[in-house]
2 protein chains.
Amino acid sequence: MPRPAHRLTPQRRAVLEAIQGSHNHPTAAQIYAQVKAQHPRVAFGTVYKALDLLSRTGQILQLEFGDGASRYDGRVDRHDHAICTGCGRLVDLDPQLPKDLAVRASRASGFVINQHMIQFFGLCPDCSQAGVARPA
Amino acid sequence: MPRPAHRLTPQRRAVLEAIQGSHNHPTAAQIYAQVKAQHPRVAFGTVYKALDLLSRTGQILQLEFGDGASRYDGRVDRHDHAICTGCGRLVDLDPQLPKDLAVRASRASGFVINQHMIQFFGLCPDCSQAGVARPA
DNA sequence: GTTTTTGCAAAATGTTTGCATTGTA
DNA sequence: TACAATGCAAACATTTTGCAAAAAC
């Protein structure tokens, strides 16, 4: 049986463009707001379904930093992230990592490792300058 | 003004022990179930308040892997994790990382980095042997 | 006696689901 | 005409909150 077609509908395109066009790693709510500007009748459920489809097909990345809402990333090659615990700002990072990191983790855990990702937590330039207290 | 006292009440102790006594990185629901065995009248809210207090005071770690519920870790020194995308099993890892990793991330991002943590995603031995399809 | 903590219930949040309708190959 | 996708609303899971009663210092 042939797998279903997955059309790139206007709504899905708008969701994808909202993510790729923003370097803010937007939340679903922010994406919904932006898509709604072009498609006033769009539903929240449609946005979530599009996000699910796009991430399952590897066109976007869904990030979870434990601060409530998922964040979405249009960059899908392997990279890392820093998140500001003051304001939630999220930036991509490309630190040089040991080439055999995943292999060693796999050996140590017995897991078959498919993916790895570093989360850096801290304060962005604005928040550290503004003297936002860092969390305990 | 002196900071509040934070008593180690029986409920809080039970929460802490449920986490430290388990190497499963339990969810709040699992912790609640275990605490309830000793304290049948304990409330979900009490468990959440205890989890919040314990993690704010650095006695436990709250982990978020984007699979719904938070997981809690009694090990609080810096380390990393692998999670099984098949069954949710979560294990601690200690890969050797470049000593200047956080410094370089800080320089590259302009962030003041307080903490970093690697998430390895893959299949645990049981799931990979059982042939659980890995996610796309 | 004052302050902290609990238990309970309600509410908030983010996300998922069911389904009739609409759109499209 | 068949299949996929949308819009809408209800349901869901997890977590947070408000507050009176209970417990601890």
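A quick note: this is a predicted structure, and the numbers were derived from the prediction, not measured.
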### Interatomic distance, B:Gln38 CD vs C:dG7 P [rounded to whole Å]
13 Å
### Query
With B:Ile60, which of B:Ile31, B:Val15, B:Leu54 fulfils side-chain contact (heavy atoms from CB on, under 4.5 Å)?
B:Leu54
### Query
For the side chain of B:Thr46, counting heavy atoms from C-beta on, which of D:dG7, C:dT15, C:dG7 is nearest?
C:dG7
### Message
Would the distance check show the side chain of B:Ser55 and the main-chain N or O of B:Asp52 forming a donor-acceptor pair, the cut-off being under 3.5 Å?
### Response
yes
### Message
Is A:Arg41 close enough to C:dT22 that one of its side-chain N or O atoms is under 4.0 Å from OP1 or OP2 there?
### Response
no
### Task
Find the distance B:Phe44:CZ to C:dA10:P and express it as a whole number of Å.
17 Å
### Members of residues 8-34 of chain A that approach DNA chain D, where some heavy atom sits under 4.0 Å away
A:Thr9, A:Gln11, A:Arg12
## Note on the structure
Of the candidates C:dT16, C:dT4, C:dC19, the side chain of B:Arg7 sits closest to C:dT4
### Task
Check the pair B:His6, B:Leu53 against side chain to side chain contact (heavy atoms under 4.5 Å, CB included), reporting the backbone distance first and the verdict last.
CA-CA 8 Å; B:His6 297 326; B:Leu53 179 72; 3.4 Å; yes
### Task
Answer yes or no: side-chain N or O of B:Lys49 and base N or O of D:dG18 forming a donor-acceptor pair under 3.5 Å.
yes
### Query
When you check the side-chain N and O atoms of A:His25 and A:Asp92, is any donor under 3.5 Å from an acceptor?
yes
### Task
Give the rounded distance in Å between these two atoms: CG of B:Asp67 and C1' of C:dT16.
15 Å
### Message
Less than 3.5 Å apart, any donor N or O on the side chain of A:Asp80 or B:His116 sitting next to an acceptor on the other?
### Response
no
### Task
Examine C:dT15: is either OP1 or OP2 under 4.0 Å from a nitrogen or oxygen in the side chain of A:Tyr48? Give yes or no.
yes
### Query
For the pair made of CZ in A:Arg56 and P in D:dA5, what is the distance, rounded to whole Å?
10 Å
### Message
In this structure, how many angstroms lie between the P atom of C:dT6 and the NE2 atom of B:His6, rounded?
### Response
12 Å
### Task
Return the value, rounded to whole Å, for the distance between atom CD of B:Gln62 and atom C1' of D:dT16.
12 Å
### Task
Evaluate the criterion salt bridge (Lys or Arg N to Asp or Glu O under 4.0 Å) for residue pair B:Asp77 and B:Arg75; output intermediate values, then yes/no.
CA-CA 6 Å; B:Asp77 65 309; B:Arg75 182 178 161 191; 2.7 Å; yes
### Query
Start at the 5' end of DNA chain D and walk down; is the nucleotide closest to B:Gly45 or to A:His39 reached first?
A:His39
### Query
Quick one: B:Lys36 NZ to C:dG7 P, roughly how many Å, whole number?
10 Å
#### Entry: B:Leu51 CG to D:dT15 P, straight-line distance once rounded to whole Å
9 Å
### Task
Anything under 30° is parallel, anything over 60° is perpendicular, the rest tilted; go ahead and classify A:His81 against A:His79.
perpendicular
